[in-house]
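Worksheet: one structure, shown below.
Both counts, for ligands and for their atoms, begin at 1 and track the order of listing.
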Amino acid sequence: MKNFIFALPIVSLLAGCSAAKTEEAAVKENNREYVIVVHGGAGVLSGLENDSVMTKRYYDALDSALHIGQEVMEATGDGPSVVRKVINYFEDCPLFNAGKGATVTSAGTFELDASIMEGKDLTAGAVAGVKHVKHPIDAAWAVKTQTPHVLLAGEGADVFAAEQGLETVDNMYFVTPKTMKWVEEFKALSKKNGTVGCVVLDKQGNLTAGTSTGGMLKKQWGRVGDSPVIGAGTYADNDGCAVSCTGHGEYFIRHAVAYNMNARMKWGHQTLDQAAHEILFGELSREAGNGGLIAVDRNGNFTMTFNTEGMFRGYLYKDKASGETTSDVGIGELLRSEK
Ligand code: ASP
């Protein structure tokens with residue numbers, strides 16, 4: 001089985017010349033009843049696109065995530081419910097670096113990060129370095145809804161999640177055959193990709209963003225990436241956009257990428273596409289910071305932009321007038337429908 005890996009030294013060399021791909025709706029007011037956009041990590045493809053069995057598995061997983069989102073949206077119309085259920089699905093799917101299938105620390109353990117934010121009132125919740133919560137995104141939601149805080153970390157976050165009645169597991173629950181070899185050796189030089197994220201414009205016209213990850217392979221235990229940091233890996237503002245990022249977290253924190261997107265749009269009046277390009281190919285690529293992001297605005301415009309060779313991604317939206325839904329998924333430069 002071929003791994004979708006992110007070899008950091010190689011990626012650094014590739015940063016200036018790797019394929020760029022952005023898909024954004026052409027019009028500003030596009031009459032969409034709702035929009036759901038997902039990502040499953042960005043990085044080097046390592047031949048994945050020539051592996052038809054694995055490609056199909058990823059396409060199927062991305063399709064499933066979008067259709068779960070659609071079902072929840074049709075039933076509830078509620079963005080946070082969609083984001084949580086979509087991310088729960090990814091957290092249960094061993095193909096992605098979130099929940100089961102998460103990457104390992106240099107200590108051979110699993111430390112998971114997640115966050116969620118609502119654009120209608122800027123409320124947010126996040127957990128960092130949790131080891132026992134089966135679905136970290138639900139713990140992030142509990143922090144948002146059940147505490148006056150935004151971010152809980154480490155043991156306190158695990159204890160809090162258990163007290164909230166969330167399902168807890170032994171740390172080795174998160175292992176898969178693929179990550180087992182890293183747990184045993186933890187000397188691999190590559191990073192497993194597959195952080196997951198979901199951004200939504202819901203039926204009420206509200207924006208929500210969520211992100212969940214195991215972090216970067218061989219991260220020092222205790223290291224926290226961008227994913228649980230509001231403004232770095234996740235942000236949502238109804239007057240701007242909802243954003244979920246993936247990639248080398250240290251760069252995303254330093255460039256406050258998720259908030260940066262929102263600010264460029266809200267005050268700089270850039271389109272999502274322009275903002276994503278300037279951040280990923282300007283600010284980040286200059287420093288060999290690699291990754292990608294998904295974002296959606298209140299008018300139903302969205303972007304899925306990356307400065308790496310590929311990004312697992314997909315979108316689904318419903319047209320208000322016709323009631324038709326349109327959906328597509330992609331891994332490398334081209335979306336499935338463009339091949
Ligand atoms: N951004 C995540 C982190 O740095 C990793 C990833 O997206 O692959 O923890």
Side-chain angles (χ1 to χ4, degrees), residues 3-8 10-12 15 38-46 48 58 87 90-91 93 95-99 101-106 109-115 126-131 136-137 140 151 153-154 174 178-179 182 188 190-199 209-235 243-261 276 279-280 284 287-295 304-313 331:
N3 293 332
F4 179 71
I5 58 169
F6 186 10
L8 286 173
I10 298 172
V11 165
S12 301
V38 299
H39 74 72
V44 171
L45 292 173
S46 277
L48 175 69
Y58 279 105
I87 292 183
F90 281 132
E91 288 173 336
C93 179
L95 289 172
F96 299 96
N97 175 17
T103 193
V104 293
T105 67
S106 57
T109 55
F110 299 91
E111 295 183 5
L112 313 177
D113 303 331
S115 63
V127 290
V130 290
K131 292 185 175 162
I137 195 71
L151 173 60
F174 298 110
K178 189 169 176 176
T179 54
W182 293 332
S190 60
K191 169 191 175 295
K192 179 179 187 279
N193 261 318
T195 291
V196 303
C198 180
V199 296
T211 311
S212 183
T213 189
M216 296 183 71
L217 180 65
K218 275 196 77 188
K219 66 182 180 182
Q220 181 169 326
W221 69 272
R223 176 264 189 189
V224 175
D226 60 314
S227 307
V229 178
I230 297 300
T234 303
Y235 202 76
V243 187
S244 171
C245 302
T246 175
H248 196 151
E250 280 69 10
Y251 294 89
F252 283 74
I253 293 173
R254 291 195 295 101
H255 290 267
V257 170
Y259 186 75
N260 197 335
M261 278 292 294
I279 295 170
L280 291 169
L284 261 63
E287 298 179 17
N290 297 299
L293 62 85
I294 53 173
M304 308 187 288
T305 305
F306 47 99
N307 68 7
T308 47
E309 202 182 335
M311 179 165 82
F312 299 119
R313 64 198 186 283
I331 295 175

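- Phe252 and Tyr259 have their aromatic ring centers separated by at least 6.0 angstrom.
- Using a 30° and 60° split on the angle between ring planes, Phe312 and Tyr58 fall in the parallel class, below 30°.
- Using a 4.0 Å cut-off between heavy atoms, Arg223 contacts ligand 1 through its side chain alone, with no backbone atom that close.
- In terms of N/O distances under 3.5 Å, ligand 1 is approached by Asp226.
- A donor-acceptor contact closer than 3.5 angstrom is absent between the side chains of Ser227 and Thr211.
- Any N or O atom pair closer than 3.5 Å counts here, and Thr246 shares at least one such pair with ligand 1.
- Residue Gly249 approaches ligand 1 through these ligand atoms, each under 4.0 Å from one of its heavy atoms: 4 (O).
- Residue Cys245 has no N or O atom closer than 3.5 Å to an N or O atom of ligand 1.
- The shortest N/O to N/O separation between Thr195 and ligand 1 falls below 3.5 Å.
- Between Gly247 and ligand 1, at least one pair of N/O atoms sits closer than 3.5 Å.
- Looking only at atom types and distance, the side chain of Glu111 has no donor-acceptor partner in the side chain of Thr105 under 3.5 Å away.
- The side-chain heavy atoms of Asp226 and Val257, taken from C-beta on, include no pair separated by under 4.5 Å.
- Taking every non-hydrogen atom of Gly215 and a distance limit under 4.0 Å, the qualifying atoms of ligand 1 come out as 5 (C), 9 (O).
- Heavy-atom neighbours of Gln220 CD from other residues, nucleotides or ligands within 6.0 Å: at or below the threshold of 12.
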